[in-house]
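For the numbers below, each heavy atom of this structure counts, side chains included, while hydrogens, waters and symmetry mates do not. Only a predicted model underlies this, so the values are computations on that prediction, with no experimental measurement involved.
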There are 2 protein chains.
Amino acid sequence: MADELELELDRLVHEPGRLAILTVLSSVRNADFTFLLQVTGLTKGNLSSHLSKLEAAGLLTIDKSFVRKKSHTAVALTSEGRQRIAAHWAQLDRLKQLATAPAPAPTTAPRPHDR
Amino acid sequence: MADELELELDRLVHEPGRLAILTVLSSVRNADFTFLLQVTGLTKGNLSSHLSKLEAAGLLTIDKSFVRKKSHTAVALTSEGRQRIAAHWAQLDRLKQLATAPAPAPTTAPRPHDR
DNA sequence: CCAAACTGGTTTGTGTCACAAACCGAGTAT
DNA sequence: ATACTCGGTTTGTGACACAAACCAGTTTGG
């Protein structure tokens with residue numbers, strides 16, 4: 001018993017670029033492409049594909065429109081997205097606790113060489 | 001000015017398996033292969049390659065010996081490793097702050113359609 | 001008017017890499 | 001001797017993050 005700690009991380013969310021995107025969105029409600037570009041430091045291509053992936057996974061919505069003749073992409077978390085990013089930070093906190101709370105057995109302490 | 005937030009993440013450390021390994025090691029000082037296997041939930045092959053990578057990067061040392069006729073692999077952080085994992089958690093904390101502290105401009109607010 | 005440059009993105013090509021499966025050597029029962 | 005386990009390492013492969021190239025439209029400038 002007490003086999004495995006449940007510390008699996010959500011890879012979709014954990015990836016640095018996406019973690020930044022989602023975290024920013026969680027405080028801002030809606031942001032446009034250009035803003036995300038600046039705050040995350042990602043390249044355009046990169047940001048674009050991360051957003052597509054997150055949209056496909058249902059974590060955010062992408063709303064395209066034209067503002068002053070130019071295309072404008074607004075992004076916002078879905079409620080699931082909001083939940084997933086919050087859960088991920090919670091999970092990271094839990095993992096971090098391992099840094100101070102030793103688990104099952106510190107080391108399978110076999111004497112250097114018995115016999 | 002105030003262009004880019006410095007929120008790049010150390011990919012070597014950030015990868016879930018390695019993050020778990022390093023975090024555990026940071027509290028335990030020395031652990032053996034089998035222990036890490038249990039606590040991280042990684043497969044043997046996986047753990048082996050992550051350890052090799054971390055050793056190659058100088059974040060930990062791998063000490064192989066024979067204990068009671070069986071091979072025994074002890075792993076411990078180097079001081080650099082200790083520093084890198086601590087720095088990473090600090091960096092994650094910083095990123096997390098974005099969830100509560102809006103940066104440069106919430107949204108590049110272009111009026112719906114001026115003239 | 002035409003072209004060059006800029007804006008706001010998307011698509012494509014490629015190298016990296018995390019993963020599990022297969023393997024391996026040595027020890028330990030049978 | 002044969003099979004099984006223990007403690008790992010190597011290998012093959014699919015996924016994917018990245019930047020470069022591209023694209024549609026707009027503004028600038030001559």
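Taking B:R84 as the reference, B:D10, B:E80 meet the salt bridge (Lys or Arg N to Asp or Glu O under 4.0 Å) condition, with sequence neighbours excluded.
Taking only side-chain atoms of A:T43, from C-beta outward, the nucleotide of D:dA19, C:dG9, D:dG7 with the closest atom is D:dA19. Of the candidates C:dT11, C:dC19, D:dC18, the closest approach to any side-chain atom of A:S48 belongs to C:dT11. Side chain of B:K64, nearest nucleotide from D:dA19, D:dT9, C:dG9: D:dT9. In this structure, the nucleotide among D:dA17, C:dC19, C:dG9 sitting nearest to the side chain of B:N46 is C:dC19. Across C:dG27, C:dG8, D:dA17, the shortest atom-to-atom separation from the side chain of B:K69 is found for C:dG27. Proximity note for B:K44 (side chain, C-beta onward) versus C:dG9, D:dT27, D:dT9: the nearest is D:dT9. Among the nucleotides C:dG9, C:dA20, C:dC19, the one closest to any side-chain atom of A:F33 is C:dG9.
The minimum heavy-atom distance between A:R11 and A:R18, with the atom names listed, is O-NH2, 3.6 Å. Taking all atoms of both residues into account, the shortest heavy-atom contact from A:T40 to A:A20 is CG2-CB, 4.2 Å. Closest of all the heavy-atom pairs between A:R82 and A:R29 is NH2-CA, 4.4 Å. Of all non-hydrogen atoms in A:A99 and B:S26, the two that sit nearest each other are CB-OG, 3.6 Å.
The CZ-P distance, from A:R11 to D:dG14, rounds to 18 Å in whole Å. The nearest whole Å value for the distance from the CD1 atom in B:I21 to the P atom in C:dA18 is 11 Å. A straight line from CZ of B:F66 to P of D:dG7 spans 12 Å, rounded to a whole angstrom. Between the CG atom of A:L47 and the P atom of D:dA20 there is a distance of 16 Å, rounded to whole Å. Whole-Å rounding puts the B:L42 CG to C:dC17 P distance at 17 Å. The nearest whole Å value for the distance from the NE2 atom in A:H72 to the C1' atom in D:dG25 is 16 Å. In this structure, the CG atom of A:D63 is 15 Å from the C1' atom of C:dG9, given to the nearest Å. Rounded to a whole Å, the CG atom of B:L37 is 13 Å from the C1' atom of C:dA20.
The pair B:K96-A:D93 meets the salt-bridge criterion, since a charged nitrogen lies less than 4.0 angstrom from a carboxylate oxygen.
OP1 or OP2 of C:dA18 sits under 4.0 Å from a side-chain N or O of B:R18.
DNA chain D is contacted by A:H50, A:K53 of residues 49-59 of chain A, taking any non-hydrogen atom closer than 4.0 Å.
At a cut-off of 3.5 Å, with distance as the only test, a side-chain donor of B:T23 or B:W89 sits close to an acceptor on the other residue.
Between the side chain of B:K70 and the base of D:dG7, no donor-acceptor pair under 3.5 Å is found.
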